[in-house]
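The sequence lines fix the lettering, A, B, ..., with proteins before strands; numbering per chain opens at 1.
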Protein chains: 2
Amino acid sequence: MKQAQINPRKTPTQARAKASVQAILQAAAHILERGGLETLTTNYVAEVAGVSIGTLYQYYPSKEAILTDIIRQKRARLLEDLQAATLEMHNESFDVTLAKLLHAAVESQLHWPKLSKALEYAESFLPLEQETRVLNEQINQTIVAFLEHHQVADAPVAARDLVSALRGMIDGAGLAGETDARALFERALKLAKGYLA
Amino acid sequence: MKQAQINPRKTPTQARAKASVQAILQAAAHILERGGLETLTTNYVAEVAGVSIGTLYQYYPSKEAILTDIIRQKRARLLEDLQAATLEMHNESFDVTLAKLLHAAVESQLHWPKLSKALEYAESFLPLEQETRVLNEQINQTIVAFLEHHQVADAPVAARDLVSALRGMIDGAGLAGETDARALFERALKLAKGYLA
DNA sequence: GCAATATTCGAGCGAATACTCACATTTCTC
DNA sequence: GAGAAATGTGAGTATTCGCTCGAATATTGC
């Protein structure tokens, strides 16, 4: 089991190169949403992206590097949304901030459930790059800070429980074909408030 | 993407053949718990099991067939436990039966978290055999019946929410290194009772 | 004990797939 | 517009891995 290189190979400067990289990432995400991890092959990604296999390897040294980059992007986006949700938490009630957090969580997962699940599973065996590990830590800290601010006992454990339970629930709903974010959000709220009561 | 044959090839009759099959299943589970789906190769399973690759293919026509068989066994065991938990539900309080159910859920997942997660992911792309689909349906029905017996509104949706949320939470705890089933059980109880309150 | 049957063995085949490289094309720079 | 730099190409290589098959060995039934 050789250790795959995961850091991007070179950064595109020209516009068409940036477009190639975007096409590769989008194609990979699309393939994951359609068929899951086992259908993700580098040749297929290149084909769907409309670039040659050589171009793909100009920017990513391995299949794992592509996966890692997608995970990094998703996590960065989620962190941004969670931080926005807790920005005013000192002036807001517990309920209001919690609602904002759960809204962000539902939006980040419900619409691409197979992709979410595939990335989540991939994360469990990929050697994540430094940057992504930091993002994950910041996401966790954001939740922990929110819980502690409202005197929740055992905030680190509660954060982990809530995050993993909600991930499971949202994915479960998405895979079952649910698309009504509002309805799911209400149930997520029940789950979280119930656990924290 | 060819469709893999998943039904067992032939059933062992002699004792040593049964031992071979058991060794294969155990080896596969062990490999999944150690390294996940991408480290599960048929040659490696045979090696760990201490049988030749030819022997493996006497009983399983494909790698998928092995995975499917492991899933079937786990599900059968879980269903048994859940049915035992709800056996007396007509004479018991909601809380007592719920506790039994959650106990079974925690026991079935906490001790082999990587295996659980790998199987769960595998289930999302494998063409499950009839028998396993029936088992899954019975598991679901057991939960739905319990919820309906206690007048829970929207029992099918609630059952799906709870099952997927608890799966996520238990896996999350296991992967984080928790081993205290009792402590986790208490939190699972909070989660479930909170959601259903 | 002897045939019939069940089981085991593992070298090796074929297909899938990650990845390279020498060369072609486009874009930038001045 | 010319040279340099960046980008794109895809046939081809190397390796991994699922799986077969023909031959050897063990067990059973009579």
Please determine if A:R167 and A:D171 form a salt bridge, counting it only when a charged side-chain N lies under 4.0 Å from a carboxylate O.
-> no
side-chain contact (heavy atoms from CB on, under 4.5 Å) with B:L115: which of B:K74, B:H30, B:E120?
-> B:K74
Length of the line joining B:E38:CD and D:dC17:P, which is rounded to integer Å | 11 Å
Would you mind telling me which residue lines up with the more 5' stretch of DNA chain D, A:L56 or B:Y44, judged by nearest nucleotide?
-> A:L56
Tested for side-chain contact (heavy atoms from CB on, under 4.5 Å) against A:L56, the lone hit among A:V21, A:I66, A:N43 is A:I66
Could you check whether the rings of B:H149 and B:H90 sit parallel, tilted or perpendicular, using 30° and 60° as the cut-offs?
-> perpendicular
Contact list for DNA chain C against residues 57-70 of chain B - heavy-atom distance below 4.0 Å = B:Q58, B:Y59
Look at the rings of A:F94 and A:F146 and say which category their plane angle falls in: under 30° parallel, 30 to 60° tilted, over 60° perpendicular.
-> parallel
Between the main-chain N or O of B:L128 and the side-chain N or O of B:T132, is there a donor-acceptor pair closer than 3.5 Å?
-> no
Before accepting this row, confirm whether a basic side-chain N of the pair B:E92/B:K100 lies closer than 4.0 Å to the acidic partner's carboxylate O.
-> yes
Could you state whether A:M169 and A:L189 fall into the same hydrophobic cluster, counting links through intermediate Ile, Leu, Val, Met, Phe, Trp or Tyr residues with side-chain heavy atoms under 4.5 angstrom apart?
-> yes
C:dT27 OP1/OP2 closer than 4.0 Å to side-chain N/O of A:T13 | no
Protein-proximity profile, nucleotides 25-30 of chain D, B/S/- by nucleotide at the 4.0 Å heavy-atom cutoff, equals -SSS--
Picking from B:E131, B:E80, B:E123, what satisfies salt bridge (charged side-chain N to carboxylate O under 4.0 Å, His left out) with B:R75?
-> B:E123
Filtered N/O pairs between nucleotides 10-16 of chain C and protein, under 3.5 Å:
residue : atom : partner : partner atom : Å
C:dG10  : N7   : B:S52   : OG           : 3.4
C:dG10  : N7   : B:G54   : N            : 3.2
C:dG10  : O6   : B:G54   : N            : 3.4

OP1, OP2 of D:dG18 versus side-chain N and O of B:T42: anything below 4.0 Å?
-> yes
Salt bridge (charged side-chain N to carboxylate O under 4.0 Å, His left out) between A:R187 and B:D161, intermediate numbers included | CA-CA 8 Å; A:R187 277 142 53 207; B:D161 281 351; 2.6 Å; yes
Verify the contact: side-chain N or O of A:S20 to OP1 or OP2 of D:dG8, cut-off strictly under 4.0 Å; return yes or no.
-> yes
If you count the non-hydrogen atoms of other residues, nucleotides and ligands that lie under 6.0 Å from CZ in A:R133, is the total more than 12?
-> yes
